[in-house]
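In the text below, chain A, chain B and the rest are named by the order of the sequence lines, each starting its count at 1. Remember, it's a predicted structure, so these values are computed and weren't measured experimentally. Values reported hereafter were calculated over all heavy atoms of this structure, with side chains retained and with hydrogens, waters and symmetry mates removed.
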2 protein chains.
Amino acid sequence: MNAAAQTLSVEEAKAILKGSDLRCTAARIAVVQSLHSATAPVTSIELAELLSGYGFDKSTIYRSLTELNEADLVVRLDLGDSIRRFELAANYGSGLSEHPHFMCVDCGEVTCLSDFTFELKASSRKVQAPGTISEVLVRGHCTACTS
Amino acid sequence: MNAAAQTLSVEEAKAILKGSDLRCTAARIAVVQSLHSATAPVTSIELAELLSGYGFDKSTIYRSLTELNEADLVVRLDLGDSIRRFELAANYGSGLSEHPHFMCVDCGEVTCLSDFTFELKASSRKVQAPGTISEVLVRGHCTACTS
DNA sequence: TTCTTTTTGCAACTAAGTTGCAAATAATAT
DNA sequence: ATATTATTTGCAACTTAGTTGCAAAAAGAA
Ligand SMILES: [Mn+2]
Ligand SMILES: [Mn+2]
Ligand SMILES: [Zn+2]
Ligand SMILES: [Zn+2]
């Protein structure tokens with residue numbers, strides 16, 4: 001897991017959960033706090049391992065992540081390496097502030113492209129869009145692996 | 001699997017394999033032919049199941065796909081549902097003709113966005129690109145699932 | 001507190017893909 | 001056409017990420 005951005009108190013975590021009508025259980029509080037302290041998306045495995053060190057079962061962590069995701073409190077990223085990653089929604093449930101993600105195919109590092117927007121351009125005016133876009137993932141070679 | 005686009009003869013398949021210095025085995029020929037006849041990316045599972053009906057072992061099919069991918073004869077798509085998909089490179093090994101892909105999160109359908117280009121735009125001039133992009137994946141709700 | 005509903009831990013299971021190794025096959029040399 | 005050598009295959013066992021059923025525990029409401 002990565003370095004703490006800042007610590008979220010138990011009370012703050014509880015407030016976030018209550019805001020989405022979720023029960024405040026120890027596991028969910030721990031998940032919210034862990035995700036909050038992360039500076040990049042966290043894999044389910046990392047989180048399950050970290051929190052099993054505090055006595056939580058991995059199935060509980062997986063279930064918590066799914067529940068928080070369904071409540072739009074966390075974003076679930078499927079980046080193509082068959083390992084799920086999660087990040088706390090910037091706004092705790094509103095579903096705003098989506099951004100594309102970049103994954104390096106060499107080192108596996110994942111970056112939030114918060115300062116970028118993506119544009120899909122039809123090459124001719126007769127092709128129609130495939131649908132409404134909800135997630136954009138870009139893969140390639142990161143600057144560290146290229147240089 | 002999807003309907004045949006056109007049939008590729010054994011000799012044509014062999015020529016493609018030889019062009020990349022790969023041995024012409026029955027399994028690899030069958031994989032090339034199957035991928036050629038597909039109109040959309042094919043999952044490893046579909047292909048392994050189809051070809052196991054002809055006596056090939058699934059491990060052989062998985063290995064063939066990996067080898068053909070490493071030779072740039074086929075493109076491997078990781079679309080986020082932990083199931084790999086493959087398509088024949090349009091130009092049999094040159095690595096050109098890349099295009100973004102769209103996956104519907106509702107019905108799972110995958111579309112090649114051959115007629116689209118993608119543009120990553122920095123929101124300010126001081127943010128730098130994350131690296132060199134090699135694959136773009138867009139997920140969302142397809143028109144059929146939206147209407 | 002008591003009651004009711006939701007959540008948890010456990011262990012067993014699933015799905016997709018990988019691996020070691022002896023036997024079979026492809027390409028090459030004779 | 002046959003022998004030689006390197007590569008590929010089939011098999012079965014394994015791995016990894018995640019899921020599930022169910023009884024016990026915990027949360028929130030009364
Ligand atoms: Mn992000
Ligand atoms: Mn395609
Ligand atoms: Zn990298
Ligand atoms: Zn759809």
Quick check: do B:L65 and B:R76 have side-chain heavy atoms less than 4.5 Å from each other?
no

Between CD of B:E67 and C1' of D:dT8 the distance, given in whole Å, is 8 Å

Kindly give the cluster partners of A:L113, where membership spreads through any ILVMFWY side chain lying under 4.5 Å from a current member.
A:F102, A:F116, A:F118, A:L120, A:V127, A:I133, A:V136, A:V138, B:F102, B:L113, B:F116, B:F118, B:L120, B:V127, B:I133, B:V136, B:V138

Note, A:L77 side chain near A:M103 side chain (heavy atom, < 4.5 Å)
no

Could you tell me whether the side chain of B:L17 reaches within less than 4.5 Å of the side chain of B:L68, counting heavy atoms only?
yes

Whole-Å distance separating the CZ atom of A:R85 from the P atom of D:dA17
11 Å

When rounded to whole Å, the CG to P distance for the pair B:L65 and D:dT8 reads 14 Å

Over how many whole Å does the gap from B:F86 atom CZ to C:dG17 atom P extend?
8 Å

Whole-Å distance, B:E70 CD to D:dT7 P, equals 15 Å

Per-pair distances, 0.1 Å, donor-acceptor, side chain in residues 54-64 of chain A, under 3.5 Å, sequence neighbours excluded:
| residue | atom | partner | partner atom | Å |
| --- | --- | --- | --- | --- |
| A:D57 | OD2 | A:S59 | N | 2.9 |
| A:D57 | OD2 | A:S59 | OG | 2.6 |
| A:S59 | OG | A:R63 | NH2 | 3.3 |
| A:S64 | OG | A:T60 | O | 2.9 |

Within the supplied structure, the quantity of interest is the number of heavy atoms (other residues, nucleotides, ligands) at a distance under 6.0 Å from B:E109 CD; does it exceed 12?
no

Atom CZ of B:R28 and atom P of C:dA27 are separated, to the nearest Å, by 9 Å

Rounded to whole Å, CG of B:L68 lies from P of D:dT7 at a distance of 17 Å

With the sugar-phosphate defined as primed atoms, P, OP1 and OP2, and the base as all remaining atoms, what B/S/- string results for nucleotides 19-30 of chain D, 5' to 3', for protein heavy atoms under 4.0 Å?
BBB-----BS--

Please give, in whole Å, the distance from D:dG10 P to B:I61 CD1?
7 Å

